[in-house]
Amino acid sequence: MKKVLSIVCGVFFFLNCQAQNKPVKTDVTMEKQTIYQFKVSDLSGQPFDFSTLKGKKIMIVNTASKCGLTPQYKDLEALYKEYSSKGFVIVGFPANNFAGQEPGTNEEIATFCQMNYGVTFPMMDKVSVKGDDMCELYKFLTQKSKNGLQDSEVSWNFQKYLLNEKGELVKVISPKTLPTDPEVLNWIKG
């Protein structure tokens, strides 16, 4: 019944618009958003405003301490050290969405990252990157209606989202693709 009613209402709307010589808007497009609208908290609870990164290339990566891909922290830190003075930043988001591989508290995560990999790039508060409790920033990253590029799903820990100097999503990189892969390096240098 609801489906029939919906179709009838749609036809009535279309005919009414035609009778008034008004164009029917069939493709609803959203204004492309940028990463700069987001404010989050870092691992120590301090505010982090993405608008402070205007003009920089950004890699956002969901991380985990007990994953087979965890050694990517080493490459991420090396990239950050090499290119941070050249307008590139990495922002890590610990997430426990995959096989419970990030069970720690923010304090435990910070200690793990520092002790094992010497992480100096910004690490944010632990979030959810998929499901009903997905954080707003990851809704932006994964929904074409918000990012203007593509729909995607975070498939595992260490998926990378690349954003240009205007804060726009330009590429999604597989978790298994190393941060030092030529595809990533060419983008950073380009």
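What's counted below: heavy atoms across the whole structure, side chains too, no hydrogens, waters or symmetry copies.
- Applying the side-chain hydrogen bond (donor to acceptor under 3.5 Å, both in side chains) test to residues at least two apart or on different chains, the pairs with a partner in residues 82-99 are N97-S128.
- For the side-chain hydrogen bond (donor to acceptor under 3.5 Å, both in side chains) test, residues two or more places apart in sequence or in another chain that qualify with N157 are Q101.
- Rounding to the nearest 0.5 Å gives a distance of 8.5 Å between CD of Q37 and CG of L137.
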Practice task
Carefully, step by step, assess V184 and L178 under the rule side chain to side chain contact (heavy atoms under 4.5 Å, CB included).
Solution key: CA-CA 8 Å; V184 176; L178 294 176; over 6 Å; no
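- Not a single side-chain hydrogen bond (donor to acceptor under 3.5 Å, both in side chains) links S41 to another residue, sequence neighbours left out.
- Annotation: side chain of V127 is not in contact with side chain of P94 (no heavy-atom distance under 4.5 Å).
- With 3.5 Å as the limit, one finds a donor-acceptor pair spanning the side chains of Y161 and S152.
- Side-chain contact between F112 and V119 is absent, with no heavy atoms from C-beta onward closer than 4.5 Å.
- With rounding to the nearest 0.5 Å, the separation of CZ in F158 from OG in S174 is 13.0 Å.
- For the pairing with E153, the salt bridge (charged side-chain N to carboxylate O under 4.0 Å, His left out) check across K139, K130, K144 returns one residue only, K130.
- A donor-acceptor distance shorter than 3.5 angstrom exists from the side chain of N147 to the backbone of Q143, with no hydrogens or angles considered.
- Sorted by first and then second residue, the side-chain hydrogen bond (donor to acceptor under 3.5 Å, both in side chains) pairs involving residues 42-51 (not counting sequence neighbours) are D42-S44, D49-S51.
- Applying the salt bridge (Lys or Arg N to Asp or Glu O under 4.0 Å) rule to pairs touching residues 115-129 yields nothing, sequence neighbours excluded.
- A donor-acceptor pair is defined here as one N or O able to donate and one able to accept, closer than 3.5 Å; no such pair exists between the side chain of Y80 and the backbone of I90.
- Qualifying side-chain hydrogen bond (donor to acceptor under 3.5 Å, both in side chains) partners for T120, counting only residues two or more places apart in sequence or in other chains: E77.
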Practice task
Could you go through the side chain to side chain contact (heavy atoms under 4.5 Å, CB included) check for I173 and L162 one step at a time?
Solution key: CA-CA 8 Å; I173 305 290; L162 307 181; 3.9 Å; yes
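- Pairs passing the salt bridge (Lys or Arg N to Asp or Glu O under 4.0 Å) check and including a residue from residues 169-178, sequence neighbours excluded, read K171-E183.
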Problem - Step-by-step side chain to side chain contact (heavy atoms under 4.5 Å, CB included) determination, M134 to T142 - result: CA-CA 10 Å; M134 179 189 293; T142 59; 3.7 Å; yes
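- For the atom pair CG of L169 and OG1 of T34, the computed distance is 11.5 Å after rounding to the nearest 0.5 Å.
- At least one side-chain heavy atom of Q72 sits less than 4.5 Å from a side-chain heavy atom of K160.
- Evaluation of the ring-ring contact (aromatic ring centres under 6.0 Å, His included) test over residues 44-69, restricted to residues two or more places apart or in two chains, returns F48-F50.
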Distance-only criterion, 3.5 Å: show the donor-acceptor pairs between side-chain atoms of residues 62-70 and protein atoms not counting sequence neighbours.
from : atom 1 : to   : atom 2 : distance (Å)
N62  : OD1    : Q159 : N      : 3.0
N62  : ND2    : W156 : O      : 3.1
T63  : OG1    : Y73  : OH     : 3.0
S65  : OG     : E102 : OE1    : 3.2
S65  : OG     : E102 : OE2    : 2.8
T70  : OG1    : A64  : O      : 2.7
T70  : OG1    : C67  : N      : 2.9
T70  : OG1    : C67  : O      : 2.9

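- Looking at V89, I35, L149 one by one, the single match for side chain to side chain contact (heavy atoms under 4.5 Å, CB included) with L163 turns out to be I35.
- The shortest side-chain heavy-atom distance between Y117 and P71 falls under the 4.5 Å cut-off.
- Counting heavy atoms of neighbouring residues, nucleotides and ligands inside a 6.0 Å radius, atom CD of E107 does not exceed 12 of them.
- Taking CG of N106 as the start and CE of M124 as the end, the distance is 10.5 Å to the nearest 0.5 Å.
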Which side-chain N or O atoms in residues 54-61 pair as donor and acceptor under 3.5 Å with protein atoms at least two apart or in another chain?
from : atom 1 : to   : atom 2 : distance (Å)
K57  : NZ     : W187 : O      : 2.4
K57  : NZ     : I188 : O      : 3.4
K57  : NZ     : G190 : O      : 2.8

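- When side chains are defined from C-beta on, V129 counts as touching F98, because their heavy atoms get closer than 4.5 Å.
- By the side-chain hydrogen bond (donor to acceptor under 3.5 Å, both in side chains) test, T180 pairs with no residue at all, sequence neighbours left out.
- Checked against ring-ring contact (aromatic ring centres under 6.0 Å, His included), F38 has the following partners two or more places apart in sequence or in another chain: F140.
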